[in-house]
Amino acid sequence: MDKDFISKEQKKLLKEIMEANFVLVETNLYLDSHPTDEGALRLHNTYSQRYKELLSLYEAKYGLLRYTGMSGCPWSYINEPWPWEINFDVI
Amino acid sequence: MNRDYYYERRGEKMLARAYVPIQIMNQVYSPSEALKKGTLFPELYRPYKAEKMDIGGGGFYG
């Protein structure tokens with residue numbers, strides 16, 4: 001079980017964010033060498049939108065994922081659990 | 001060129017030439033599949049399969 005309790009919804013949302021982010025890593029690499037591939041551009045823009053939405057949803061509910069976001073008081077970037085404390089094998 | 005690592009090659013064959021066919025994106029994995037497999041592109045998915053040792057030895061490619 002995780003060191004610090006994390007709800008199923010939070011972990012599921014985090015996983016979706018990681019997945020959307022990874023798609024963007026891949027479309028970025030592909031587009032670097034195929035800048036005119038419209039299919040890849042559509043895919044990239046779709047997931048860019050999705051990633052932005054998931055991220056703002058997560059940060060509104062659970063606290064900052066990245067220090068670049070805005071935070072209420074207290075500073076929510078240090079909310080538990082930390083990534084290494086989460087067991088992603090059990091979703 | 002940094003002299004330490006470069007030596008004069010008088011007309012010999014090139015050391016190596018890379019041949020990389022251009023990839024054309026077709027199907028892509030679902031996001032969860034892609035994260036698990038480490039690539040978005042089925043054509044690039046090539047896990048190491050150590051147990052299959054072919055005659056040439058090595059056998060690290062599925």
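Residues A/E19 and B/S32 come closest through the heavy atom pair OE2-CB, 3.1 Å. What you find for B/T39 and A/E26 is that their closest heavy atoms are OG1-OE1, 3.2 Å.
Cluster annotation: A/L24 is connected to A/L13 through the hydrophobic network of ILVMFWY side chains, with a link wherever side-chain heavy atoms come within less than 4.5 Å. Linking ILVMFWY residues whenever their side-chain heavy atoms come closer than 4.5 Å, directly or via other members, places A/I17 and A/I6 in the same cluster. In terms of hydrophobic clustering, with Ile, Leu, Val, Met, Phe, Trp and Tyr side chains grouped at heavy-atom distances under 4.5 Å, A/V23 and A/V25 are assigned to different clusters. Grouping the Ile, Leu, Val, Met, Phe, Trp and Tyr side chains by contacts below 4.5 angstrom, directly or via other members, places B/L35 with A/F88. In terms of hydrophobic clustering, with Ile, Leu, Val, Met, Phe, Trp and Tyr side chains grouped at heavy-atom distances under 4.5 Å, A/F22 and B/F41 are assigned to a common cluster.
Using a distance-only test at 3.5 Å, with no hydrogens or angles considered, a donor-acceptor pair links the side chain of A/H34 to the main chain of B/Q23.
Scanning residues 42-78 of chain A against chain B with a 4.5 Å heavy-atom cutoff picks out A/L43, A/Y47, ordered by number.
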